[in-house]
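One structure is given below, encoded as structure tokens.
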Amino acid sequence: MPDRKSVNTTCRMCGTLCGITAHIENNRVVDIEGNPEHLFSKGRTCIKGSSAVTWLNRPDRIFKPLKRNMAGEFEEIELERAMDEIAAKLIEIQKKYGDNAIGIWKGEGIDFAQQENLARRFAHAVGTPNYFSNDTQCYASRHIAFHLVYGCWPLADYANADLIINWGTNAPISHSHWMQAINEGREKGAKLMVVDTRYTEIARQADLYVQIRPGTDGALAWGIIREMIEHDEIDHDFVDNFTVGYDKVVEYAQGFSRERVSQITGVSESLISRITDEIAQARPRLASWAGCGLEHQINGVNNIRTITMIDALAGATDRKGGMRIPMGFGLPELTLYKEKPLTELDPIGAKRFPVLYEMRQECHTGLLMDQIISEKPYPFKGLVMTAANPALTNANSAKVRKALSKLELLVVKDLFITETALLADYVIPAASYLEREEMFFNGALRAAFITGKYLDYGLQTEYEFVKGLAERMGAGEYFPWKDDHELNEWLLKPTGYTTADLHTAPGGFIFGENPCEKHLNKLTTGEKRFFDTPTGKIEFYSAHLEAKNIPGIDGLPQYHPPHYLAEPDPDYPILLSTGARKQKFFHGRYRNIPQLYKAEPHGHLEMHPEDAKTLGLKDGDRVRVTSRIGSFETLAQVMHEKEIVRGTMQHTHGFADENVNEVTYDDVSDPISGFPVLKSIQVRVEKL
Ligand code: SF4
């Protein structure tokens, strides 16, 4: 009789966290379907999620640790011996070059909620401040922008909104769990507005689609703000009581007439008026989202700050149907930034991008590559990576390969051999999301989700990995918990709940209500701090940011033109955007799932039909794309004229044979977040 079970858990094939039911037979997953009782995915899964059955059972999955031998080839090694050797080498590097000559990098490939803070804890426990993650290429810029204004990241209450704005984001593909709430809101009568350079899947569903030139979103947002002020569509009570800097906003917005904004953005004057009318009619039930399409510009943080200010000016903050303010859970701090800040050890990137380090407490992955190569300001020699693949997914692949190859020790923990694992000295097999206990917390819903160890291949979990290394490096006292489960019980303890409580509701265990209008209650009780910013108010103007003295950065999110307009390069007349996702893949992952690979084996350069005509190209023609740092070859894809702005092209990342990051330069970046310009790389394109 086969040993069968069905478990309700969470899919971790991407960051969306859909609820699934996994059917398991004889310690093998045999089917995956959506869990309709899950709080936000409500039974929905995508093709990646269900393809996990193939992925997790692939014959090339790594089950034995590998070590590179003298001939440069991988050979199997026992786990304990590999751990001993890795720890010994890390200690040797620290003794020879300094404690900060090593670091740890948390990737996305394993997707383990406690992975980030465990990696941060490990770094500081063993004496280095150098913690890295892919968030410095995607995500952190928006985190900084929202936190500068609100002190948190407000979450859109789509299901109760009257107007939903998706700005530079494509929910059906990259945040598919939102679609349940977006559809619910629309069924109740909400309108959907989409602002994007590309006519995306969500744009096709919109009541109002606004096509905009890349990197000019801040100008459009200022134009909308000016219109709101002119027509007195401002929530003055809210602005007077809960914000700072409104007088400066009024003054600065005057420079953004409809005519000027239209010239900058390519959005017609009548459409700018229509956008403002829609906001005026819907406010305060205005739920908006600024996506990663906005953050890869030199003006990314300020553009996002300006866009999100519209919500507060409309009085949508902390309102039902508007922007919900998340509530914490009172969990204990897993990181060691208070006990061992280690800032004297010069965290990589902290001086060049002080706001990034202060607000994210993480080091800059792009500057890491420069530092490995130059050994300035100090040598960096040993890196432990948990399922990151920067050789494929970071800007400037050639530099990444050169830097990682120069390390004295590169350790990669992953489920499969990736482009980065191919450069490693050791590859340690990782446990999948069905092989560990993990917890996630959603501050808007006040809900927690738990998974369990439903498969067991005897593989080391993330916790066991960092604990094992720390113990061997003399820092075992920082990892006193026996396993993931004991750690999770410790994390939950202050809440009064246990993991057993969470397991009673794997589709979402609700801790309590997250009420709206918390700021009004605070006003009534005489409190002075309403939001977690330096002033306790929503900061349209940030004196804290201005005091950082970053060249060109004021306290107000002033609009500066994107790099391609500020410094146009006539040798590279096309603007290349990358980062748009495909539903089949997640960044560099899942091309090793045969059915997904077969459906889309190659990357494509998406272009406007007039650009194709000028270049003499038709669908499927082979082309070379060249920027000032490199080139790659790919296939042309001629889009409908409505789908992409003329003069711009798009190529999705993560295709090893058509690697767009051969042309993405990493030396032009947002001065606040350090994010590279990935949405308007200046390139030329030629037919082969
Ligand atoms: S969107 Fe797909 S891959 Fe992502 S969590 Fe949901 S089912 Fe899994």
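Counting convention: from 1, in listed order, for ligands and their atoms alike.
- Using a 4.0 Å heavy-atom criterion, the residues that approach ligand 1 are C11, M13, C14, T16, L17, C18, T45, C46, K48, G49, S176.
- The closest donor-acceptor contact from the side chain of N27 to the backbone of D456 lies under 3.5 Å.
- Using a 4.0 Å cut-off between charged nitrogen and carboxylate oxygen, K413 and E464 do not count as a salt-bridge pair.
- Judged by the 6.0 Å and 45° rule, R581 forms no cation-pi pair with F586.
- Panel note: side chain H38, backbone S41; a donor-acceptor pair is recorded below 3.5 Å.
- Relative ring orientation between H296 and F675 is described as parallel, the plane-to-plane angle staying below 30° on a 0-90° scale split at 30° and 60°.
- Partner of P390 under the side chain to side chain contact (heavy atoms under 4.5 Å, CB included) criterion, chosen from L404, N134, N396: L404.
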